[in-house]
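The structure appears right after this line, and notes come after that.
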Amino acid sequence: MFGFLRYVAVLLLIMLMVVLQVVLTRYFPRLSLLDLPLIAVLYLTVARESLFWTVVSGSVVGFFQDSLSLSPLGMNGLTKISVGCLAYMANSIFAIDRVATRLALIFVSSILAALLFSGLRILFLNRNEMILGERILWSGAVNACIGLPLFYLFDKIVQSSVE
Amino acid sequence: MKQLFRSTREVVLLVVVLFAHLILLSTQVTRAQTTPLLRSWTLEVAAPMLRSLVGSFSTISRIWYGYIDLRQTKEENQRLKDEVDRYRQTLIQYEEKIKELDRLQTLEALQAGLDLPSVKAKIIGGDSNQWYNSRIIDLGLNDGIIKDSAVICPDGVIGRVVHASKTSAVVQLITDPDSGVGVLLENSRAQGVLRGEGKETGAIDYIDTTAKVLVGEKVLTSGLDQIYPKGLLVGYVTSVGKKQIFQDVNMKISVDVQRLEDVLVLKKESQS
């Protein structure tokens with residue numbers, strides 16, 4: 001029962017991140033650079049240290065995100081799972097529990113996610129788009145700046161729920 | 001009577017002396033009542049003390065009542081501040097309502113001027129990622145909105161519905177790089193396709209080199225894409241350049257898609 005509730009809580013957290021992302025960009029369109037769902041997937045990957053959580057959270061987040069946007073279903077899921085797996089591997093090599101490593105993880109993961117998504121658009125949607133380096137770097141920086149405090153907030157929530 | 005008093009003169013004297021004594025006595029009694037010396041000294045000594053005491057008491061009472069007044073004033077000030085805040089909040093709400101009413105009235109005027117059936121919708125969500133330009137509206141299949149329904153506002157064309165659920169729909173904005181709108185230039189009557197660039201500007205493709213396109217010319221929907229009805233405002237031409245086969249025409253989109261709140265969705269007959 002307790003385990004089931006935990007799954008529900010994680011699912012709600014993921015949904016909240018996607019909804020928050022959509023609401024924020026409704027009022028502040030420039031915040032579309034932010035990828036809150038990716039931050040949630042990365043946190044679950046690092047905190048749970050389990051590939052299962054990465055795959056489940058990546059799929060759910062991707063499905064929700066695609067449903068609320070113009071992208072075909074699966075694009076975001078594929079991106080999130082791939083980047084989540086890389087983060088999982090990085091976490092097994094480096095201890096990602098410090099400010100610098102967490103910042104680096106979110107920054108690099110955001111850039112990788114953006115590049116992968118662009119690649120998928122070129123591959124599957126036949127888009128001849130330029131890869132906008134500056135925009136991708138900004139996106140990485142914004143995600144790292146917002147993601148870091150969010151990681152600590154999630155840590156606090158998890159700790160208080162355990163206590 | 002003659003035996004008691006020897007003469008009338010003596011009687012008069014007696015009366016006068018008695019009367020004088022009475023007056024003297026009465027004078028003394030009156031003086032003793034008004035200015036008794038002991039009382040006067042006592043009063044002289046007590047008066048300054050009393051005066052200063054009373055003065056102190058009145059100062060203390062002034063301070064005390066001043067403090068009470070200050071406290072009451074502070075409380076009243078806080079209460080008035082709260083009241084002002086409440087009124088200010090209410091005013092903001094009223095102003096918002098008036099603005100909303102204005103928008104809705106403008107939309108209604110637009111709706112009344114259109115021959116096509118349409119419904120008013122609210123924007124409830126933005127982009128879920130940075131790669132697309134889309135909005136989510138609060139109406140869906142239940143309200144007669146289907147895929148490819150055009151979405152407009154008084155300033156011009158906004159986009160088209162690409163996904164619709166029962167109660168909401170995703171709208172692709174004309175600024176989206178994947179979007180294409182059949183357009184017609186008002187004066188030159190040249191036709192082309194507007195391609196979004198992810199911002200408030202767009203490029204018009206396939207404009208013949210023979211067409212005399214002017215900067216500032218209105219760009220309207222051509223209706224050829226069978227999504228947007230003919231004649232809706234899309235924007236204004238900002239620059240014209242020559243290419244080999246087609247002209248290089250850029251335009252500014254008339255709608256500020258970043259600030260959309262209420263929109264009009266043109267109902268489309270279902271293909272099925």
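Taking CG of D66(A) as the reference point, atom NE2 of H163(B) lies at 8.5 Å (rounded to 0.5 Å).
Counted within 6.0 Å of CZ on F246(B), heavy atoms from surrounding residues, nucleotides or ligands total more than 12; the atom is thus considered enclosed. Heavy atoms of other residues, nucleotides or ligands lying less than 6.0 angstrom from NZ of K212(B) number 12 at most. Around the CD atom of Q93(B), the shell of radius 6.0 Å holds more than 12 heavy atoms that belong to other residues, nucleotides or ligands.
Of all heavy-atom pairs spanning V170(B) and S67(A), the tightest one is CG2-O, 4.0 Å. The two atoms that bring V162(B) and L70(A) nearest to each other are CG2-CD2, 3.0 Å, heavy atoms only.
For a residue to count as touching a neighbouring chain, one of its non-hydrogen atoms must lie under 4.5 Å from one of that chain's; by this rule D176(B) touches chain A with the side chain only. The contact between M75(A) and chain B is made entirely by side chain atoms (from C-beta outward), counting heavy-atom distances below 4.5 Å.
Side chains of Q258(B) and F28(A) form no contact here, defined as non-hydrogen atoms less than 4.5 Å apart. Using a 4.5 Å cut-off on side-chain heavy atoms (C-beta onward), S69(A) and W131(B) make no contact. Taking the side chain as every heavy atom from C-beta outward, D127(B) and Q65(A) never approach each other to under 4.5 Å.
At a cut-off of 3.5 Å, with distance as the only test, no side-chain donor of Y27(A) or R259(B) sits close to an acceptor on the other residue.
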Practice item. Could you walk me through whether D178(B) and R121(A) pass the side chain to side chain contact (heavy atoms under 4.5 Å, CB included) test, one step at a time? Key: CA-CA 11 Å; D178(B) 290 341; R121(A) 269 163 67 93; 4.0 Å; yes
Practice item. Show the numbers, then the answer: is there a side chain to side chain contact (heavy atoms under 4.5 Å, CB included) between S32(A) and Y132(B)? Key: CA-CA 9 Å; S32(A) 63; Y132(B) 297 98; over 6 Å; no
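Among T25(A), N76(A), L36(A), the residue making the largest number of heavy-atom pairs under 4.5 Å with chain B is T25(A).
The backbone N or O of I123(B) lies less than 3.5 Å from a partner atom in the side chain of R26(A), making a donor-acceptor pair.
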